[in-house]
Amino acid sequence: MLVRMAVEAYASGFADRHLSEIEDPEGTINMKIHNIFIAALGSDIQYYAALVRSLDSSLGNMLERLAINIATLSYQVYQEVQGNLYQEQTNFIAQLLEKYKSHEQQPQVNDYLPLRKITSNTIISKRHDSDYYLIDLQKNIHYLIELKIGGDLDNKKARSEKEAILEQYAILSNSIKSDSAAQIKIYFATAYNRYGENQPWEQGRVKQFFAEEELLIGSHFWNFICADNDGYAVVIDEYKKNAPVIVKALEKIKSVYLKHD
C-alpha cells in the first residue's frame, strides 16, 4: 500500500508540475528544448531528454520519502541529530579521516569506538540533518544512515559524508552515555546497485572511507528499512506493478508539449 500510494502521488505531482509550466519559458522542459543538437534527433527524444534529468532527481526524492515511511513501521525515525560534541572528538575524527585519505589505514567499524569514551570540558553544541536516524527500541540500537540513491560520490564528498556521520555518532554517544548497553551503528546506503543487483559493488571512492560492514547497497538497504529479508523483493514487485502510472504521466506530458510545440 505504501508503495502504491507513493507512486500514485509522485506521478500525479510530476505531471501537474510540468503541465503547469507549459507557458513558462523558464519551466523545466522549456529551458531545455532549444538545444538544437538534441532537437535534431527528433521530437520524442527532444522531450524525453528534457524530462529525464527532472525524472531522475524527483524519482530519487520519492524513493527517499518512501523509505522513511516504510521505516516508521519498524523503527523510531528522526532526520536530525543534535547535542554536544567535544573538541577532542572532532580532533579524533579529523585524524582518522586523514589516515583514510592517505591510505595509511583501511576503514574498520572499530576505528571510531573510542569516540564513545572521550570526555572534555570543551563542548560544542551542534546539529546535523540526517537522512535516517533510526532507533530499534527492542534491540536498543541506534542507526545512522547516509543514503545516496545511486552511490556516486567523489573523493571530497566521501570524506565529508563520513565526517558528518561520525560527528552524529559522537553526538549520540554523548547523549546516551548513561546507557552503556545501547549500540550505535552507521551505514552508507544506496537505493539500487549501480553495477546491477547481486553484482559486486566497487565504488572505490566510498570504500576509501567506509568499511564493508558499513554498506547497505540496493537490496540490503530495502531489507534493512523493511526489517525483513524479503523487503526488497516486496518493494520492487509493488513498484513494478504501479510503474505504468508514471509511464502514463510521462506520455501525458509529452503529448501536451508536442501538441503545444
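We're numbering straight along the sequence, starting at 1.
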Decide yes or no for Ile135 and Tyr78: does some side-chain heavy atom of the first lie under 4.5 Å from some side-chain heavy atom of the second? yes
Are Asp228 and Val234 side-chain neighbours, meaning at least one heavy-atom pair lies under 4.5 Å? no
Less than 3.5 Å apart, any donor N or O on the side chain of Thr122 or Glu88 sitting next to an acceptor on the other? no
With a 6.0 Å cut-off (strictly less than), is the heavy-atom count around NZ of Lys177, excluding the residue itself, greater than 12? yes
Within the side chain of Ser255, is there an N or O that forms a donor-acceptor pair under 3.5 Å with the backbone of Lys252? yes
Is there side-chain contact between Tyr10 and Val245, with heavy atoms separated by less than 4.5 Å? no
Should Val235 and Leu2 count as side-chain neighbours, where that means a heavy-atom distance under 4.5 Å? no
Distance from Phe209 atom CZ to Leu166 atom CG, nearest 0.5 Å? 11.0 Å
Side chains of Gln208 and Gln106: does their closest heavy-atom pair fall under 4.5 Å? no
Hey, can you tell me if Trp201 and Phe188 have their rings parallel, tilted or perpendicular (30° and 60° cut-offs)? tilted
Is it the case that over 12 heavy atoms from other parts of the model lie below 6.0 angstrom from the CD atom of Gln138? no
Between Arg127 and Glu80, is any pair of side-chain heavy atoms under 4.5 Å apart? yes
Student check: side-chain heavy atoms of Lys207 and Glu202 closer than 4.5 Å: yes
Under-4.0 Å salt bridge between Glu98 and Arg159: yes
Search all heavy atoms of Gly218 against all heavy atoms of Glu197 and return the closest pair with its distance. CA-OE1, 3.9 Å
State yes or no: do Val247 and Leu59 share one hydrophobic cluster built from I, L, V, M, F, W and Y residues joined by side-chain heavy-atom distances below 4.5 Å, directly or via other members? no
Side chains of residues 139-149: which donor-acceptor partners sit under 3.5 Å, not counting sequence neighbours?
| from | atom 1 | to | atom 2 | distance (Å) |
| --- | --- | --- | --- | --- |
| Asn140 | ND2 | Asp179 | OD2 | 3.1 |
| His142 | ND1 | Tyr133 | OH | 2.7 |
| Lys148 | NZ | Glu161 | OE2 | 3.0 |

Do Lys185 and Tyr169 touch side chain to side chain, with heavy atoms closer than 4.5 Å? no
Just distance, no hydrogens or angles: give the donor-acceptor pairs under 3.5 Å from side chains in residues 89-97, sequence neighbours left out.
| from | atom 1 | to | atom 2 | distance (Å) |
| --- | --- | --- | --- | --- |
| Gln89 | OE1 | Tyr86 | N | 2.9 |
| Gln89 | OE1 | Asn174 | ND2 | 3.0 |
| Gln89 | NE2 | Leu115 | O | 2.9 |
| Gln89 | NE2 | Asn174 | OD1 | 3.1 |
| Thr90 | OG1 | Gln87 | O | 2.7 |
| Thr90 | OG1 | Gln87 | NE2 | 2.9 |
| Asn91 | OD1 | Gln87 | NE2 | 3.1 |
| Asn91 | ND2 | Gln87 | O | 3.4 |

Verify, without hydrogens or angle tests, whether Asn193 (side chain) and Ile217 (backbone) share a donor-acceptor contact under 3.5 angstrom. no
Are there over 12 heavy-atom neighbours, none belonging to His128, within less than 6.0 Å of that residue's NE2? yes
Verify salt bridge (Lys or Arg N to Asp or Glu O under 4.0 Å) between Glu238 and Lys241, making sure each step is shown before the conclusion. CA-CA 5 Å; Glu238 286 301 307; Lys241 287 179 182 178; 3.5 Å; yes
Please report, to 0.1 Å, the donor-acceptor pairs under 3.5 Å made by any side chain of residues 62-71, with sequence neighbours excluded.
| from | atom 1 | to | atom 2 | distance (Å) |
| --- | --- | --- | --- | --- |
| Asn69 | ND2 | Arg65 | O | 3.4 |

Salt bridge flag under 4.0 Å for residues Glu214 and Lys162: yes
Distance-minimising heavy-atom pair for Ala182 and Ile176: CB-CD1, 3.7 Å
